[in-house]
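Worksheet: one structure, shown below.
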Amino acid sequence: MLRVRFAPSPTGYLHIGSARTFIFNWLYARHNGGAMILRIDDTDLERNTQESLDSIFDGLKWLDLNWDEFYRQSERGDKHREMAMKIFEKGLAYRDFTPAAGDLEEKSHAGGPWLFHPEMRGLSRAESDRRAAAGEPFVLRFRVPREREDKVIFNDLVYGEQLKATADMEDFALLRSTGAPTYHMASCADDADLRISHIIRGQDHLTNTFKHVLIFKALGVEPPKFAHLPLLIAPDGSKLSKRKHGPVVSVTTYRDAGFLPHAFVNFVVLLGWSPKNDREVMSRAELIDAFSLEGVNRSNATVNFTAEDPFDPKAVWLNAETIRTMPVEELAKALAPFAPKPDLCKLRKIAPLIQERIKLLRDVREVADFFFVDELPPYPASELVPQKGTPELAKSVLREARKILETATFEPDALEAALKAGAEKLKIKTGQMYQPVRVAVCGRKVAPPLFATLAALGRETALDRMDRAIGKL
RNA sequence: GGCGCUAUCGUCUAACGGUUAGGACGGAGCCCUCUCAAGGCUCAAAUACGGGUUCGAUUCCCGUUAGCGCUACCA
């Protein structure tokens, strides 16, 4: 059975890149009828926060993509330690008693690469046991088999065959001096234990994979298949980060601005993946059907945001497209949390009027504000004056319109016919009739279609606003 | 510094070694129209650079450049 996992570490909020990794895994699992596993990789006690964990759950819950199994890595520490010691017992790892030192710069620069402490790698088992028994702290290091194997090879489902000389690999840590497993150890131990068949993750792990292959082999299990995803980067070319780019990278920012979950999924899946048939707007079912690792490309994708405009224009367009094509009832419900009042009854009337006029759900506030107020905010009387008209004309137009609205049937077609007739009677262009009425009723020149708007507003409100407008002139 | 990965319009991307290098977003223009949208049509816009291989390279190989990643007792 195919088994994939998403393994975030709760050290920041769920950001768009992590969400994408989840989505790719989910799609792959659903496409193949496999299992989706959520595992919280919280082995770094120092940096984990409950807030971050909440953010991850909030984000995933919003995406509405489910998982089949759930694990928390911190609860499995004993198992990881046990598996690490199994590697040690096989002689494939050794204790390093070198005290943790601030020789970081020394390691990374200093001309040659730092690989291991020879005297520790060469320590006899008896000596090692003696010092450990004496309570001397140590880190457990993997003994990279430079003598037996000169390279590590694996085949990445996206990047193809990957090869690295063992001579270029350091003896990485498996267990910290506190006894806690490192990420590499915990991750591989769990992947092996949970029988993960495919690891789909960010390309930042591509070079780590050589270490992981070594660990899997040391554990005596067949390594899973690997597929690395190109990274998501900011317009300046740097990796998306909270510190540098702020909340624009957080999934909850999209949610709070009024993105529809599916529009977000649709946008994000197109970053680094293509169905190769020019299709872009796809339903969830179509996505599941079309998804394959072959469609994943290898170069990083830029999320195009700016300080003024935090959302990629394509994401916004996809969202608008999703809004336009969804059932009105669903739209009305989605709009409720964003409207001035969560009045579903009213929203059902408004939704069709604004459906193709909003890009984000939050836009409802400015596009449909006048539906929710008892009294219109003040606007200049000059707005009531139509093109090539005078205040006097505006006044007579509004009086005529008022009279019409007193008796007209409040239904779009009937209102249009009646108002049109009124314009003919006054011998003015229809636009000169409609525009003053629009301003009187909406409080501004730009608004949804007039007749449907009037119908939604109702006679009483319309008449009241007409009177106030006439009074301004 | 070492090791690895990547390179097509501004952005996301498509193209068995043979295409006028295609689509989408965004931009510009026109049409439609009660304003705004939506919709329709049109336009501008790319194979990083240099060498090979080949009858023929966006595509294969090498180099350069650039970007990114890893190089922790972080994940």
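In what follows, chains carry the letters A, B, and so on, assigned in the order in which the sequence lines appear, proteins first and then strands, with residues in each chain numbered from 1.
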Side-chain-base donor-acceptor pair under 3.5 Å for A:Asp278 and B:G22: yes

Can you tell me how far apart CH2 (A:Trp273) and CG (A:Leu287) are? Round to the nearest 0.5 Å. 5.5 Å

Taking only the P atom of each, what is the distance from B:C49 to B:G10 in whole angstrom? 13 Å

Pairing check on B:U35: which nucleotide meets the Watson-Crick or G-U wobble criteria with it, both distances under 3.5 Å? none

Whole-Å C1' distance, B:C68 and B:G50: 23 Å

Determine whether the aromatic ring centres of residues A:Phe226 and A:Phe154 are separated by less than 6.0 angstrom. yes

Please test A:Val251 against A:Tyr13 for side-chain contact (heavy atoms from CB on, under 4.5 Å), starting from the C-alpha separation and ending with a verdict. CA-CA 8 Å; A:Val251 170; A:Tyr13 37 47; over 6 Å; no

What is the distance, to the nearest angstrom, from the CG atom on A:Asp312 to the P atom on B:U13? 11 Å

NA contact type, A:Ser177, heavy-atom cut-off 4.0 Å: base, sugar-phosphate, or nothing? base

So does A:Arg298 reach the base of B:C5 with its side chain, donor to acceptor, closer than 3.5 Å? no

Can you tell me how far P in B:U13 sits from the matching atom in B:U6, rounded to whole Å? 15 Å

Can you check whether A:His205 and A:Tyr183 have ring centres sitting under 6.0 Å from each other? yes

Distance below 4.0 Å between A:Arg279 side-chain N/O and B:G23 OP1 or OP2: no

With respect to the phosphate group of B:U13, does any side-chain polar atom (N or O) of A:Asn297 fall under 4.0 Å of OP1 or OP2? yes

When the C1' atoms of B:U71 and B:A48 are compared, how many Å lie between them, rounded to an integer? 28 Å

As its Watson-Crick or G-U partner within any shown strand, both distances under 3.5 Å, B:U8 has none

In whole angstrom, give me the gap between the C1' atoms of B:U42 and B:C61. 42 Å

P spacing across the pair B:G63 / B:U47, given as an integer number of angstrom: 24 Å

Using purine N1 to pyrimidine N3 plus N6-O4 or O6-N4 for Watson-Crick, or N1-O2 and O6-N3 for G-U wobble, each under 3.5 Å, what pairs with B:G26? none

A:Leu231 side chain: which of B:G69, B:C34, B:A75 is closest? B:G69

B:C12 OP1/OP2 closer than 4.0 Å to side-chain N/O of A:Thr302: yes

Watson-Crick or G-U wobble mate for B:G1, both contacts under 3.5 Å: B:U71

For the pair A:His184 and A:Phe172, name the ring-plane relationship: parallel under 30°, tilted 30 to 60°, perpendicular over 60°. perpendicular

With rounding to the closest Å, how many angstrom separate the C1' atoms on B:A45 and B:U8? 12 Å

Side-chain contact test, heavy atoms from C-beta onward, threshold under 4.5 Å: evaluate it for A:Ile40 versus A:Gln73 and give yes or no. no

Pick the nucleotide of RNA chain B nearest each of A:Gln162 and A:Arg324; which residue has the one closer to the 5' end? A:Gln162

Could you check whether A:Phe142 and A:Tyr94 have their ring centres less than 6.0 Å apart? no

So which one's nearest nucleotide on RNA chain B is more toward 5', A:Gly272 or A:Lys211? A:Gly272

C1'-based separation of B:C34 from B:A44 [nearest Å]: 33 Å

A:Trp317, nearest nucleotide to its side chain (from B:C25, B:C12, B:A75): B:C25

Does the side chain of A:Lys276 get closer than 4.0 angstrom to OP1 or OP2 of B:C16 through an N or O atom? no

From the set B:C5, B:C12, B:U35, return the single nucleotide nearest to any side-chain atom of A:Leu270. B:C12

Scan every strand shown for a Watson-Crick or G-U wobble partner of B:A14, both distances under 3.5 Å, and answer none if you come up empty. none

d(NZ, A:Lys314; P, B:U13) in whole Å: 9 Å

Partner nucleotide of B:A21 by Watson-Crick or wobble geometry (both distances under 3.5 Å): none

